[in-house]
Amino acid sequence: MSDLTTLLEVGGPVAAFGGGAAYARANHPRLYWSAVGGPISTVRLLSSYASVMEACGLTVAPSRLRVLAVKATTRREVRPVPPRRGIIRPTSSGLRLRLRLAPGQEPADVAASAERLRHAWGVHAVYVSTVKPGVVELRLVGFDVLRKVRMPRKTEGGFLQVPVALREDAMPFVRDYRAVPHQLTLGATLSGKSMYLRHLVSGLAPQNVALVGVDCKRGVELAPFASRLSALATDPDEAAELLPVLVKEMEDRYDLIKAWQGIAPGTPDEEITSDIWGLPESERPVPIALFVDEVAELFLTATRKDEERRDEMVTQLIRLAQLGRAAGIYLEVCGQRFGAELGKGATMLRAQLTGRVCHRVNDEASAKMALGDIAPEAVLAACAIPAERPGLAVAGDTSGGWSRIRTPYLSLGDAADVCRETAHLVPDLSALKPFRPYVPAPLPSVERPGPAVQPRPLTD
Ligand SMILES: Nc1ncnc2c1ncn2[C@@H]1O[C@H](COP(=O)(O)OP(=O)(O)O)[C@@H](O)[C@H]1O
Ligand SMILES: [Mg+2]
């Protein structure tokens, strides 16, 4: 009898703890990681570090001095030496530690063992990055951070930088307009492109930037942000009027830069500027971000006359992409496909868009359009994105590498609220005044227009 009570007394709490841990692991991975997973992995790492490194072939033969010292002081056998390890730093989603590579090792050796390390220490994934020559950082991620995305609390985005998504290694993916002026975002319908755009718009809204939208789906995606937009075109006709104005604005900015370069013949070299960032602040025009949602709609043509208009628009976009950076004009182009079938000049425009993000696509050809020139593995990764994870994408980065990213969920209403709150920040750009979208006065929330005819239940 007493055995039974002991069993109940001990077994009950253990079972409850086990069940709670399993539940937390499935539903609150962050909590599970901080309370259970993290400490367990830390202990595993500390206790097995040397043997795991040896099993992964990351050790080197000990120096002669070390052999002598070990032999002189102890009777133990002389083991190979693992890379020197820094302190283990826990984060909300994993662990970080630095390793000093032994002579003859390179970061690629550690990266090649990442999968083995992950299994040895029981974590979701291990990523390796170079900190400086001879030192690599191991980032252990405890769980799948892209399942339910939460941006790290300390994500600082500076001017023209928007932390727009989370990378699979739990680092923020920052869209930096000054580093990558133009970007192409591809993906099948419902893959999360407009969500990505939504984050960019709401991230740039509080900054001193003019936002311009071209949304040929009659404005369904961008019209809710009308209060913060300096200009909005909702069909190809309007876009055909807006683009030349932007090109003209760009040319005016080039003239301004030229005028400043020429002011005084004795101006020191470092003060001669070739873009708007070198101008004194009082003279500097505000940067313009141009968002194009569903680019194919802009290029679709029905008649011969349309075709001429399309060719003109493509040319204007190419000019903006080629020369826009120095004038502070940045392009953000979204589409389902972006190939030669869009017409003359389309592939040339694509080549100008440096940044690439590819959401789920329906065929390999579309993924190749976005990532083909970055890496073949990136194309495969994009083709493997499942439909039930909208917002998941493969992003190429400036170093020629790529990573999986996912945007956090942001409702259209919340993004529109940000735009409404920042409406007073719309910069004064006289050229764009005629294109300023009409902003309806907000309806009192209860008086949403309902159906004109009230449905009545059918009776026979
Ligand atoms: N990161 C995300 N997390 C959760 N749901 C998302 C995410 N991104 C997109 N979605 C959902 O997926 C659906 C399609 O997204 P959307 O951005 O409109 O796709 P697209 O513009 O590519 O057609 C929307 O219902 C949206 O709420
Ligand atoms: Mg969309």
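Residue indices begin at 1 and follow the sequence shown. Remember, it's a predicted structure, so these values are computed and weren't measured experimentally.
Remark: side-chain polar atoms of Arg310 are paired, donor with acceptor, to backbone N or O of Phe299 under 3.5 angstrom. Formation of a donor-acceptor pair under 3.5 Å by the Lys368 side chain with backbone atoms of Asp363 is not found in this model.
Cys216 has its side chain out of reach of Thr234: every pair of non-hydrogen atoms, C-beta onward, lies at least 4.5 Å apart.
The line from CZ of Arg356 to NE2 of His182 is 12.0 Å long, rounded to the nearest 0.5 Å. Once rounded to the nearest 0.5 Å, the distance linking CD1 of Ile318 with CG of Leu349 reads 5.5 Å.
What you find for Ala239 and Ala233 is that their closest heavy atoms are N-CB, 3.6 Å. When all heavy atoms of Leu200 and Tyr177 are compared, the closest pair comes out as CD1-OH, 3.6 Å. Minimum heavy-atom separation, Val145 to Ser93: CG1-CB, 3.9 Å. Between Leu279 and Pro285, the shortest heavy-atom distance links the atoms CD1-CD, 3.9 Å.
Residue Arg436 places its CZ atom among more than 12 non-hydrogen atoms of other residues, nucleotides or ligands, all under 6.0 Å distant. Lys217 NZ: more than 12 foreign heavy atoms inside a 6.0 Å radius. Counting heavy-atom neighbours within 6.0 Å of Arg325 CZ, excluding the residue itself, gives a total of 12 or less.
Between Glu137 and Arg139 there is a salt bridge, with a side-chain nitrogen of the basic residue lying less than 4.0 Å from a carboxylate oxygen of the acidic one. Using a 4.0 Å cut-off between charged nitrogen and carboxylate oxygen, Glu115 and Arg118 count as a salt-bridge pair. For Arg198 and Asp414, the salt-bridge test fails: no basic side-chain N is under 4.0 Å from an acidic carboxylate O. In summary, Glu294 and Arg218 do not engage in a salt bridge, as defined by a charged side-chain N under 4.0 Å from a carboxylate O.
At a cut-off of 3.5 Å, with distance as the only test, a side-chain donor of Trp121 or Ser48 sits close to an acceptor on the other residue. With 3.5 Å as the limit, one finds a donor-acceptor pair spanning the side chains of Asp293 and Ser194. Donor-acceptor pairing under 3.5 Å is lacking for the side chains of Thr59 and Glu54. Between the side chains of Gln183 and Tyr330, no donor-acceptor pair of N or O atoms lies under 3.5 Å.
A cation-pi geometry, defined here as NZ or CZ lying under 6.0 Å from the six-membered ring centre and within 45° of its normal, does not hold between Arg147 and Phe143.
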